[in-house]
Each structure stands twice: as structure tokens, then as C-alpha cells.
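In each ligand, atom 1 is the first atom listed, and ligand 1 is the first ligand listed.
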Amino acid sequence: MVSDIREFDLEKALKEISEATNSAELQVIKARYLGKQGLVTSMLKKIRELPPEERKGYGKMVNQFKRTLEEKISEKRRVLEMEARKIRELEDRYDVSLPGARRDRGALHLLTQVMEEVQEIWSSMGFEVVLGPEIEEVYYNFEALNTPEWHPARDMHDTFYLDERWLLRTHTSPVQIRVMESRKPPLAIFSPGKCYRKDTPDSTHLPMFHQFEVLYVDRHVSVAHLKGVLEVFVKRMFGENRKIRLGPSFFPFTEPSFEVDVSCGICGGTGCRSCGGTGWLEILGSGMVHPNVFRNVGYDPEIWSGFALGTGVERIAMLKYNLGDIRDLLRNDRRFLKKFMGVNA
Ligand code: DAH
């Protein structure tokens, strides 16, 4: 029986353990020696068959084998687990030093920024923001604004007509009529929005552009009031050092009508190339509301008086930022857009 023990090759078992490459393999080795049918287990069972005087020595030896194997197996298991973990970690690792995917920062378009700035100035003076339809009735766009049949703006070649009654509005002035028709004076409104004209695009024209309209109606409104708000608007929009000038003009819906100029920001009014040597730049049209316009909306022109003004937002943007070509506002060239990112932030 003792020869059994001699036959037991501990060296071989230890070698198998140390050569195991993964825990599944190790498990098979463990079963072979220490499992229920295992070699060591069956050797232990044989103790009973031995003469009593041999049992002690035999048992001690087999138990010694058993302990050695158990120790070596659990040691090897720890090593294999550690290695497996290391491999997992290497596979999962990501490189924190890699540059991230950079996202471009967005910004409001220059025109939107200018619109917001203009609106903020008029709102701060108490003008309420109202909007009107872009598809407008001929009546509101022309008739009610005292614009006669012979006016060039009414020509088929100048205006997008949908049919005899409807058109794409050529200016924001019809909002004046819509507001006055639905309200009683006094009123003070600001109305921004898109307008359309059959113009071929060039450096100063687009078939679709933006305007804003201002209307104030109350008792005893005078040109002085108009000049007052215009000065506030121009100084806040273009700078404290800028001056305004009113010159005679004509619009069917105002009487008298004024063309408003702002002093040139480049030469300061002495005359240079960008103002055509005059020292002044035209920024808007304005005037005192025509009595016929008041009659058209049922206001008594003997009681009510008012001023109105309107201009193109693109024009204001071009003057403020010295743009040479209105089409740059539509081209979406990123170099242009980037230059004006957050100019009004
Ligand atoms: N509607 C005019 C245009 O498109 C601009 C304008 C002029 C508006 C005088 C007004 C005004 O309110 O009083 O050219």
C-alpha cells in the first residue's frame, strides 16, 4: 500500500498546475487529484485497508500531498485571475489624451442680431412689437396707405402679385393700417418682418429683405417728437457722436415726408468715399401720418396726429458694419458669418 504513495507523482501534479493557462484548465486538474473520484481522494479512502501501524504515517503523507496541492492550486488561481483582469483592463482602456471631437459654436446671424438690437431700442422707448402677414391684401399694401394707382410700386413688374387681391407685401407699412383698424388711439407700435419686391439681386437689392415700421398716434404729435425718437435710435444704434438730418421727401402715406440721414461714421461728416463726399448716409423714410390714412381707418384727422417711419434692416446692418454687398447676408459663407459672431452679444 505504501507503494501507492511512492507511485503518486507529486512533481508531475505540481508541474501540471504551474502549466495551466486558464482557470478552466486548472479546474480540470483540481478534479483529477482532489475531486470525489480524484487520485488523492481515493488514496485517503485506502487508509482503512491498511494495517493500523501504517495508517498514521500514510495518512499524514497523503494529507500533506492534499494540502500542498490545494495551496498550489489556489495560488495558481490567484495568478490566473490577476492575469485575466490585466488583459481585460488593457482591452477596456481608452486613451484620455486623444483630442475630443470638437463642435463648432453656433451664433445668431448678423441680421438677426441687428433685428434684435433695433427691436430692443424701440421697445425700450415704449413701442409695442406687433407682426403682420407677409401675404397681404392689395388694399392694405397700397390703397389704405393712400398709394395711388399710378405709383411705380404698384406695377406688375415691381411686385409679386398672387392674384388681383393678394400679394407679397412690398413693405411693412400695411401693419400700420391693420393695427389702427383694430385699435383706438393713442398707440405706439414697432413692426419688423420680411418684405418682397421683384428686384434682381445686386450689391444693394434682394427680392426678399427685412424692414421695420414704427407708428405713433396720439393728440398733438409733432415733427419734434419724430426727431426726438430718431435721435435716440440713431445714437444708440450707431454711436453717441452720430448726428441726424431730416430732408424733404415724398411718401403717399405721410405729409410732410422726410428722408432721414445719419452723419457718416467714417469721416464724421466732412465727406469721404464711403458717403459719396456728402458726409451723410440715408437711413430711413418717415413723416407725419397723412390725413387720408387716418380717414381710411376711421380716425378723425382733426383730433389725431402721428408720425411713422420705416426702413430696411439689411440697410441698417450694412451701414453699421460697413458691408459692401447685401448678398453677403444670404451667401452663408462661414468666413463672413464668423466675422460677425456675437457682435451684438
Ligand atoms: N414703406 C416705405 C418703403 O418701403 C418706408 C417708409 C417711409 C415707411 C415713410 C414709413 C414712412 O412708415 O413714414 O420705402
Side-chain angles (χ1 to χ4, degrees), residues 118-119 122 125 127-134 136-148 151-155 158-160 167-180 187-199 204-218 221-230 233-234 244-262 281-294 296-297 299 301 304-316 318-319 326:
V118 169
Q119 180 162 319
W122 290 103
M125 286 192 271
F127 290 85
E128 179 196 346
V129 182
V130 292
L131 300 178
E134 288 171 29
E136 185 54 281
E137 289 190 53
V138 173
Y139 172 75
Y140 288 99
N141 198 83
F142 296 128
E143 238 91 60
L145 285 162
N146 199 37
T147 305
H151 197 281
R154 296 192 61 157
D155 198 291
D158 293 321
T159 297
F160 292 106
L167 49 70
L168 298 183
R169 67 178 178 187
T170 61
H171 52 177
T172 45
S173 302
V175 185
Q176 292 185 27
I177 306 299
R178 290 188 171 273
V179 170
M180 286 193 282
L187 48 88
I189 58 123
F190 166 84
S191 186
K194 290 188 182 73
C195 303
Y196 305 83
R197 288 181 199 177
K198 269 193 184 173
D199 279 327
T204 54
H205 294 85
L206 286 173
M208 189 277 289
F209 56 99
H210 299 78
Q211 282 194 342
F212 67 86
E213 194 80 14
V214 170
L215 171 70
Y216 180 56
V217 180
D218 205 339
V221 180
S222 75
V223 178
H225 297 119
L226 171 62
K227 269 193 94 170
V229 294
L230 280 173
F233 170 68
V234 164
I244 56 162
R245 173 175 89 166
L246 267 63
S249 186
F250 173 79
F251 298 101
F253 38 90
T254 45
E255 182 58 36
S257 302
F258 308 102
E259 163 197 311
V260 179
D261 297 340
V262 58
L281 300 155
E282 189 187 334
I283 55 161
L284 54 84
S286 67
M288 305 308 291
V289 179
H290 197 291
N292 284 349
V293 172
F294 279 145
N296 288 339
V297 296
Y299 288 6
W304 302 107
S305 49
F307 64 71
L309 61 97
T311 190
V313 182
E314 284 83 354
R315 184 176 183 76
I316 300 289
M318 288 175 78
L319 288 173
I326 194 172

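- Ring centers of Phe212 and Phe233: under 6.0 Å apart, within the cut-off.
- Partners of Glu137 according to the side chain to side chain donor-acceptor pair (under 3.5 Å) rule, which considers only residues two or more places apart in sequence or in another chain, are Arg165.
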Give me the pairs of N or O atoms, one from ligand 1 and one from the protein, that sit under 3.5 Å apart.
from, atom 1, to, atom 2, distance (Å)
ligand 1, 1 (N), His171, ND1, 2.9
ligand 1, 1 (N), Ser173, OG, 2.9
ligand 1, 4 (O), Arg197, NH2, 2.9
ligand 1, 4 (O), Gln211, NE2, 2.9
ligand 1, 12 (O), Gln176, NE2, 3.2
ligand 1, 12 (O), Glu213, OE2, 2.6
ligand 1, 12 (O), Leu309, N, 3.2
ligand 1, 12 (O), Leu309, O, 3.4
ligand 1, 13 (O), Ala308, O, 3.0

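- The cationic atom of Arg178 (NZ for Lys, CZ for Arg) lies less than 6.0 Å from the six-membered ring centre of Tyr140 and within 45° of the ring axis.
- With sequence neighbours left out, Met318 forms a side-chain contact (heavy atoms from CB on, under 4.5 Å) with Leu323, Ile326.
- The minimum heavy-atom distance between Pro133 and Arg169, with the atom names listed, is O-CD, 3.4 Å.
- For residues 246-262, every residue pair satisfying the salt bridge (Lys or Arg N to Asp or Glu O under 4.0 Å) rule, not counting sequence neighbours, is listed here: Arg245-Asp261.
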